[in-house]
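Input: a single structure, listed below in structure tokens.
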Protein chains: 2
Amino acid sequence: MPNRRKASKKDLIIQKASSMFREKGFPATSMRDLAESVGIEAASLYNHIQSKSEILQEIIFRSANECNVHFDHVVSSPMPVIRRIEALIRFHVHMMLNRFDDYYVMVNEWHHLEEPYLTTFITQRRTYVQRLEAIIQEGVRSKELRPVMPYVAMLTILSSVRGLEFWHRSNKRISPAELEDNMVNHLIYGLKKN
Amino acid sequence: MPNRRKASKKDLIIQKASSMFREKGFPATSMRDLAESVGIEAASLYNHIQSKSEILQEIIFRSANECNVHFDHVVSSPMPVIRRIEALIRFHVHMMLNRFDDYYVMVNEWHHLEEPYLTTFITQRRTYVQRLEAIIQEGVRSKELRPVMPYVAMLTILSSVRGLEFWHRSNKRISPAELEDNMVNHLIYGLKKN
DNA sequence: CCTACCGATCGGTAGG
DNA sequence: CCTACCGATCGGTAGG
């Protein structure tokens, strides 16, 4: 049997937890609240998961893995620097739009991870941002980009995407496609030579 | 006697609370932790403050007021649209760099406000972003700016600044001035016609 | 998957 | 500003 997993109760618990961690934050979400949204008693949760912390770990490292897998894909594709950066921005916008709960929890609640997971996450994140910086650096050196500081451009790009939180909270008069294209253009135009 | 207030014990409590709310989040910060960092017993805090919630309110609405006051100042100054936007970006970068605890708590912990403060904050924030959108809209109409969607440009600008959180956590090899200029340029170049 | 329950900790109060 | 303490709620376990 290939990777075709069916959604287990554990998956349901994690999905509901992701939504609640996003809405109320990790510390403010109680296992009793979570149990109620799943439709069982709090004690019964522990037949499917080990602890509250384990749920947070699963949410965060699943999302982090998706980011890393996509990054590898971009690196292995033959594209000019500006296209690589565009592909990475679009990916993060997609995560924020389509995988909102999980991605938001990773970005906003990671500091509630316990050791050794906290250190692992911080290390992974540092590696990720350094790889992105290296791509920007390459573009600056080859003069495809304006002479920006790669570190600052990386911060600007990665944090911009967090603003899409407010689109989710809004009445959504703007389409996801418009949102994506406008944000990508703003950030890319800010890097390109003209 | 003019506005020259001396730093009271209440100010000290709020300052320490702001730092702890930023580090650990509002729900994960206990009044006992806070009392210890101030150097008194938990019960003694209540001679200076009414409740944990009140502290959060003070931190957030102080910062929000600063943002509104600065915005009024920018609106009343005769400057081209692009300079107004630049002044607003620089202000938010300064808040993130120099008033890190308070500003971070406002941006990241506002959803822990209780009613009616929560509604008040959300309303104030909506007004603020709509005023910023209106400035961008004006620039698009007058063709000073590229034909961006003001809503998306506003989200991109305001959320970019949040990335400076990672500069605070870093070894700070980049100076605040370089950080500010690079972020401003990235965001402004993305709006300007060339 | 439930009932019943544990020790720990929470925000906050009484009284001095 | 402290000691002593309150009821509520927390994450989690025992036992079936």
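Order of the sequence lines fixes the chain letters, A, B, ..., with proteins taken first and strands second; residue numbering starts at 1 for each chain.
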- Taken to the nearest whole Å, CG/L34(B) to C1'/dT9(C) is 16 Å
- Send over the distance from H48(A) NE2 to dC1(C) C1', rounded to a whole Å. 8 Å
- Base, sugar-phosphate, or nothing for T29(A), non-hydrogen atoms under 4.0 angstrom? sugar-phosphate
- Would you please test K16(B) and D11(B) for salt bridge (Lys or Arg N to Asp or Glu O under 4.0 Å) and show each step? CA-CA 9 Å; K16(B) 293 281 189 186; D11(B) 293 330; over 6 Å; no
- Can you name the ring-ring contact (aromatic ring centres under 6.0 Å, His included) partners of H168(B), sequence neighbours left out? F100(B)
- Message: Please report the distance, rounded to the nearest Å, between CG in D33(A) and P in dG12(D).
- Response: 14 Å
- Measure from CG on L45(B) to P on dC10(C) and round the result to the nearest Å. 13 Å
- Proximal nucleotide (of dG12(C), dC1(C), dC1(D)) relative to the I40(B) side chain: dC1(D)
- Could you check I82(B) against K192(B) for side chain to side chain contact (heavy atoms under 4.5 Å, CB included), going step by step and ending with a plain yes or no? CA-CA 8 Å; I82(B) 201 82; K192(B) 269 199 292 200; 3.4 Å; yes
- Sort out for me which residue in W110(B), Y104(B), F21(B) forms a ring-ring contact (aromatic ring centres under 6.0 Å, His included) with F26(B). F21(B)
- Note on the structure: R32(A) has its side chain closest, among dC10(D), dC1(D), dC2(D), to dC10(D)
- Task: Sequence neighbours left out, what passes ring-ring contact (aromatic ring centres under 6.0 Å, His included) with Y128(A)? Give chain and number order.
- Result: F71(A), H92(A)
- Over how many whole Å does the gap from E36(A) atom CD to dC10(D) atom P extend? 11 Å
- Message: Strictly by Watson-Crick or wobble contacts shorter than 3.5 Å, is anything paired with dG16(C), and which nucleotide is it?
- Response: dC1(D)
- Task: State whether S44(A) places a side-chain N or O below 4.0 Å from either non-bridging phosphate oxygen (OP1 or OP2) of dC2(C).
- Result: yes
- How long is the line joining CD of E54(A) and P of dG12(D), in whole Å? 10 Å
- Is there a side-chain polar atom (N or O) of K52(B) under 4.0 Å from OP1 or OP2 of dC10(C)? no
Could I get a table of every N or O pair under 3.5 Å where one atom is in the protein and the other is in nucleotides 13-15 of chain D?
none

- CD1 on I122(A) to CD on E115(A), rounded to 0.5 Å: 7.0 Å
- Would you mind reading off the distance between E114(A) atom CD and dG11(D) atom P, rounded to a whole angstrom? 12 Å
- Would you kindly say whether E178(A) and S175(A) are connected by a side-chain donor-acceptor distance under 3.5 Å? yes
- Please check the phosphate of dT9(C) (OP1 and OP2 only) for any side-chain N or O of S30(B) closer than 4.0 Å. no
